[in-house]
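Structure, as structure tokens:
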Amino acid sequence: MLVESFAHTLEYAGRGIVVRAVQAYRFALDPTARQSAVLASHCGAVRVAFNWGLAQVKANLAQREAERSYGIPDDQLTPALSWSMYGLRKRWNQVKDEVAPWWAGNSKEAYACGLARLADALANWRDSNSGKRKGPKVGFARFKTKRRTARSVRFTTGTIRLDGHTHVVLPVVGRITTHEPVGKLARLLAGGGARIASATVRWREGRWHVSFTVHAERAQGSPARPDAVLGVDLGIKTLAVFSDGRPPVPNPRHLNAAARRLRRLSRAASRKHGPDRRTRQQPSKRWLRANAARNRAEHRVAALRRDGIHQLTTSLARTYGTIVVEDLNVAGMIRNRRLARALSDAGFGEIRRQLTYKTTWHGGRLLVASRWFPSSKTCSSCGAVKTKLPLRIRTYVCEGCGLAMDRDENAARNLASMVERTVAGSGPETRNGRGADRKTPPGGAGGRETSTPHRTPTARIRRGPSPTPGESLRTLETQ
């Protein structure tokens with residue numbers, strides 16, 4: 001069973017602070033052959049509805065563009081097709097008997113799921129082009145193919161429940177056995193502390209999984225050391241280094257450890273008769289077995305990485321009241337072809353994502369330092385900043401005070417000291433590297449030494465509980 005949290009809010013109730021979270025409980029399924037075929041049919045229905053709706057939208061756009069080229073005024077053009085999920089679904093219900101005469105064999109939720117995904121894709125493209133959506137540009141929706149599209153279907157209505165400790169019930173599919181007990185979620189539902197909003201079935205890692213989206217209420221915990229501040233510096237050589245002397249977490253490098261076995265299994269599969277789309281050659285039984293063995297090895301790497309990250313983040317969230325991490329530009333870092341595989345294997349983004357909701361669960365808070373904060377180049381003793389510090393230099397040596405320590409530990413200490421440098425007040429009042437209080441004048445940085453930090457970058461705070469009496473943090477977001 002895997003438990004994830006997508007969103008959370010805080011509410012003060014009679015029993016204390018209650019965390020209202022939208023959680024996902026994922027279980028591996030053990031369906032029969034007939035049930036597997038029904039699930040595959042539902043996933044195919046999702047793809048059919050998506051492609052049908054996209055074809056309708058593209059045909060409508062092409063028709064209107066052709067009429068404009070003929071000089072027809074805009075008010076006389078063919079009416080624009082609605083891109084909303086409700087508009088697409090209404091049109092689908094009118095023509096489904098002609099488009100898909102077999103539609104009754106699947107749940108109506110399968111077709112609604114495909115049309116909802118199309119509506120979201122079109123809305124994302126429109127918002128991206130208009131500037132409402134931040135981030136990289138989103139391309140126009142493309143048709144889904146059976147070969148490349150991930151198989152999944154989402155149920156929001158109908159019979160969605162747990163049956164006993166090892167079974168789940170889904171619309172049309174019926175009662176399905178699970179590989180693992182579902183008693184934890186069953187007890188939560190029976191106690192009235194949660195309700196199931198939807199269920200998503202997905203084919204991943206060589207088997208079917210069901211993920212229940214649950215609206216749950218849970219009493220907020222308290223960390224073992226609520227006043228402790230921990231700076232966490234993530235890296236490749238060592239996965240996590242801490243500011244309080246806690247033993248660093250070595251990088252397990254699961255992908256490197258399995259590389260030799262993966263190469264051998266890949267060679268074994270390449271020597272068999274695999275599928276060929278050009279000649280319509282069907283894969284041999286030996287290729288299917290070799291490919292399944294290779295997939296199992298890859299899935300094991302992903303499971304080991306996921307388990308290790310969960311253990312690390314849970315341990316930190318249960319222990320420390322305040323955790324400070326860096327806002328790493330992971331998408332930009334993996335563009336370095338020499339570091340891309342190692343960075344992806346470490347899972348920096350997943351560590352931060354899990355810390356975000358686990359600190360709230362356990363009554364802590366997560367502070368995210370600006371990505372421009374020179375944590376590695378700054379001396380944690382005197383505050384001097386180096387102009388350059390190549391990655392090959394693993395020991396930080398300060399020319400000013402003579403400090404010499406591991407660069408990752410120095411960076412972790414700088415992250416932790418950001419909380420101490422932030423002083424309560426209405427202005428950007430901070431302490432410099434020598435501990436003296438000062439205010440940054442509005443005149444800029446002209447005439448100052450470049451080795452002295454002119455302004456202490458502060459952190460973006462993801463709050464858990466409200467600050468304790470007497471505690472107040474000034475939050476400035478550095479862009």
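Not measured: the values here are computed from a predicted model.
- Each salt bridge (Lys or Arg N to Asp or Glu O under 4.0 Å) pair with one or both residues in residues 143-170, not counting sequence neighbours, appears once here: Asp163-Arg175.
- When atom types are taken as modelled, the side chain of Asn414 and the backbone of Ser375 share a donor-acceptor pair closer than 3.5 angstrom.
- You'll find the side chain of Leu185 reaches within 4.5 Å of the side chain of Val214, heavy atoms only.
- The closest donor-acceptor contact from the side chain of Ser266 to the backbone of Arg263 lies at 3.5 Å or more, if one exists at all.
- Although no hydrogens or angles enter the test, the distance criterion places a donor-acceptor pair under 3.5 Å between the side chain of Glu109 and the main chain of Thr156.
- Among residue pairs with one or both ends in residues 127-141, those qualifying as side-chain hydrogen bond (donor to acceptor under 3.5 Å, both in side chains) are Asn124-Arg133; sequence neighbours excluded.
- Between Asn106 and Val172 the shortest side-chain heavy-atom distance does not fall below 4.5 Å.
- Taken to the nearest 0.5 Å, the OG atom of Ser211 stands 11.0 Å off from the CD atom of Gln23.
- With no hydrogens or angles considered, a side-chain donor-acceptor pair links Asp307 and Gln311 at under 3.5 Å.
- Closest approach of Ala199 to Leu170, counting heavy atoms only: CB-CD2, 4.0 Å.
- Between Phe143 and Lys58 there is a side-chain heavy-atom pair separated by less than 4.5 Å.
- Residues that satisfy the side-chain hydrogen bond (donor to acceptor under 3.5 Å, both in side chains) test with Gln282, not counting sequence neighbours, are absent from this structure.
- With sequence neighbours excluded, the residues forming a ring-ring contact (aromatic ring centres under 6.0 Å, His included) with Phe140 are Trp125, listed by chain and number.
- Considering every non-hydrogen atom in both Thr359 and Ala317, the closest pair reads N-CB, 4.0 Å.
- Ser107 contributes no side-chain N or O that, together with a main-chain N or O of Ala110, makes up a donor-acceptor pair within less than 3.5 Å.
- Of all heavy-atom pairs spanning Ala141 and Ala121, the tightest one is CB-CB, 4.2 Å.
- The list of side-chain hydrogen bond (donor to acceptor under 3.5 Å, both in side chains) pairs with a residue in residues 336-347, not counting sequence neighbours, reads Arg305-Asp345.
- Proximity of a side-chain donor or acceptor of Gln35 to a complementary backbone N or O of Thr32 within less than 3.5 Å is detected.
- Distance check, rounded to the nearest 0.5 Å: CZ of Arg353 to CD1 of Ile309 gives 9.5 Å.
- Side-chain atoms of Asp30 and Thr177 include no donor-acceptor pair closer than 3.5 Å.
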Could you give the side-chain donor-acceptor pairs of residues 236-247 under 3.5 Å, partners two or more places apart or in another chain?
residue : atom : partner : partner atom : Å
Ser243  : OG   : Gly231  : N            : 2.9
Asp244  : OD1  : Arg246  : N            : 3.1
Asp244  : OD2  : Tyr320  : OH           : 2.7
Arg246  : NH2  : Ser315  : OG           : 2.7

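- Between atom CD of residue Glu350 and atom CG of residue Leu355 there is a gap of 10.0 Å, rounded to the nearest 0.5 Å.
- Note that CG of Leu118 and CZ of Phe50 are 5.0 Å apart. Values are rounded to the nearest 0.5 Å.
- Looking only at side-chain heavy atoms (C-beta outward), Leu162 and His167 stay at 4.5 Å or farther from each other.
- Counting heavy atoms from C-beta outward, Thr213 and Val22 have side chains that approach closer than 4.5 Å.
- Using a 4.5 Å heavy-atom threshold, the side chains of Arg89 and Lys108 count as touching.
- The closest side-chain donor-acceptor pair between Thr313 and Arg352, if any, does not fall under 3.5 angstrom.
- Looking at every heavy atom in both residues, Trp287 comes nearest to Ala269 through CD1-O, 3.2 Å.
- Residues passing the side-chain hydrogen bond (donor to acceptor under 3.5 Å, both in side chains) test with Thr159, sequence neighbours excluded: none.
- In this structure a side-chain-to-backbone donor-acceptor pair under 3.5 Å is present from Glu180 to Ala28.
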>> Determine whether Trp372 and Asp327 satisfy the following criterion, side chain to side chain donor-acceptor pair (under 3.5 Å), listing intermediate values before the conclusion.
In response: CA-CA 9 Å; Trp372 308 115; Asp327 182 20; over 6 Å; no
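- For Leu304, the side chain to side chain contact (heavy atoms under 4.5 Å, CB included) partners are His254, Arg300, not counting sequence neighbours.
- For residues 194-215, the set of pairs meeting the salt bridge (Lys or Arg N to Asp or Glu O under 4.0 Å) definition, not counting sequence neighbours, comprises Glu205-Arg306.
- Between Trp92 and Trp52, the angle of the ring planes goes over 60°, which puts this pair in the perpendicular group of the 30/60° scheme.
- Here the CG atom belonging to Leu88 is positioned 10.0 Å from the CH2 atom belonging to Trp83, to the nearest 0.5 angstrom.
- The side-chain heavy atoms of Leu29 and Val168, taken from C-beta on, include a pair separated by under 4.5 Å.
- When the side-chain hydrogen bond (donor to acceptor under 3.5 Å, both in side chains) test is applied to Thr78, the partners found at least two apart in sequence or on another chain are Glu67.
- Sorted by first and then second residue, the pairs that involve residues 181-227 and meet ring pair (Phe, Tyr, Trp, His ring centres under 6.0 Å), not counting sequence neighbours, are Trp203-Trp208.
- For the pair Val330/Leu343, no side-chain contact is recorded, criterion being any heavy-atom separation below 4.5 Å from C-beta on.
- Side-chain N/O atoms of Lys358 and His310 include a donor and acceptor closer than 3.5 Å.
- The distance from atom CZ of Arg91 to atom CG of Leu81, rounded to the nearest 0.5 Å, is 5.5 Å.
- Residues that satisfy the side-chain hydrogen bond (donor to acceptor under 3.5 Å, both in side chains) test with Thr149, not counting sequence neighbours, are absent from this structure.
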